[in-house]
Amino acid sequence: MRQQINLFQDILLDKPQPLQSRQAGLIVLIVLLVLGGFALFGYRQARSAAGQAAELRQQFAAASARVEELERQYPEPQKDPLLEEKIRRLEQEVGGRKQALGYLSSRDGGGNRKLLGMLEGLARHPLPGVWLNRIRLGRQGEDIGLDGSAVNAEKIPDYLSLLAEQEVFEGKVFARLHLSRVEKRAGQVDFMLESVEEK
């Protein structure tokens with residue numbers, strides 16, 4: 001018969017030691033401090049975000065008030081009939097000038113020189129108080145029509161004398177003169193002057 005001897009003793013094993021209450025309390029305290037730190041950080045972040053949101057709301061309200069003030073100060077633009085009429089007249093004037101340039105460029109050199117000489121004569125010797133609104137030149141300058149205005153009727157004979165002194169108008173006979181008073185401006189007259197064909 002064999003006999004076995006158990007030499008194993010419990011005392012040689014490492015047995016886990018239960019936590020002591022002081023150690024457990026310290027761990028709980030550390031966990032509570034960490035959680036408290038996170039809570040405090042979150043609270044501060046929330047307060048900061050709330051302050052920024054309130055500031056943004058104030059800025060938005062101020063901007064909205066400024067926009068409303070600007071809308072009252074500068075209402076939506078309306079079409080100006082006077083400006084539209086001026087634009088229409090300027091477009092017509094530009095169209096007339098293009099037409100005149102096309103006409104002059106299509107004519108022969110001699111006719112052009114004659115027409116340009118007449119226009120230059122009209123432009124170089126103005127008479128104060130008299131202005132032209134329209135110039136009509138036909139048949140290479142053989143027919144002339146002038147529409148204009150003067151501050152008073154006494155200026156018209158002076159203007160005709162001035163035209164007679166121009167070489168380019170030499171031999172031209174202005175046979176038709178029509179005068180009309182402008183009711184809105186006292187003394188002002190509109191005139192229409194037309195030449196007749198030389199014989």
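The residues of the chain are indexed from 1 along the displayed sequence.
Following chains of ILVMFWY side-chain contacts shorter than 4.5 Å, one cannot reach Trp131 starting from Leu160, and the two form parts of different hydrophobic clusters. Note on Leu132: it clusters hydrophobically with Leu127, by side-chain heavy-atom contacts below 4.5 Å among ILVMFWY residues. Cluster annotation: Val151 and Leu146 are assigned to distinct hydrophobic clusters (Ile/Leu/Val/Met/Phe/Trp/Tyr, side-chain heavy-atom contacts under 4.5 Å, transitive).
Contact annotation: the side chain of Asp158 never approaches that of Leu162 to less than 4.5 Å [non-hydrogen atoms, C-beta and beyond]. For the pair Leu40 and Phe38, the minimum side-chain heavy-atom distance is 4.5 Å or more. Under the 4.5 Å side-chain criterion, counting only non-hydrogen atoms from C-beta, Leu177 is in contact with Ile156. In this structure the side chain of Lys79 reaches within 4.5 angstrom of the side chain of Glu84, judged on heavy atoms. With contacts defined as side-chain heavy-atom distances shorter than 4.5 Å, the pair Arg44/Ser48 does not qualify.
Between Lys155 and Pro128, the closest heavy-atom pair is NZ-O, 3.3 Å. Residues Ala150 and Val130 come closest through the heavy atom pair CB-CG2, 4.0 Å.
Annotation: the span from Arg89 atom CZ to Gln92 atom CD amounts to 9.0 Å, rounded to 0.5 Å. Note that the CD1 atom of Ile87 and the CG atom of Asp80 stand 9.0 Å from one another [nearest 0.5 Å]. The distance from atom CD1 of Ile144 to atom CG of Leu193, rounded to the nearest 0.5 Å, is 9.0 Å. In this structure, CD1 on Ile30 lies 4.5 Å from CG on Leu26, to the nearest 0.5 angstrom. For the atom pair CD of Glu194 and CE of Met192, the computed distance is 5.0 Å after rounding to the nearest 0.5 Å. Rounded to the nearest 0.5 Å, atoms CD (Gln188) and OG (Ser180) are 9.5 Å apart.
Inspection of the Asp190 and Ser149 side chains reveals an N or O donor paired with an N or O acceptor under 3.5 Å.
We find that Asp147 and Arg136 are joined by a salt bridge, their nearest charged nitrogen and carboxylate oxygen being less than 4.0 Å apart.
Residue Arg88 qualifies as enclosed at atom CZ: its count of foreign heavy atoms under 6.0 Å is above 12.
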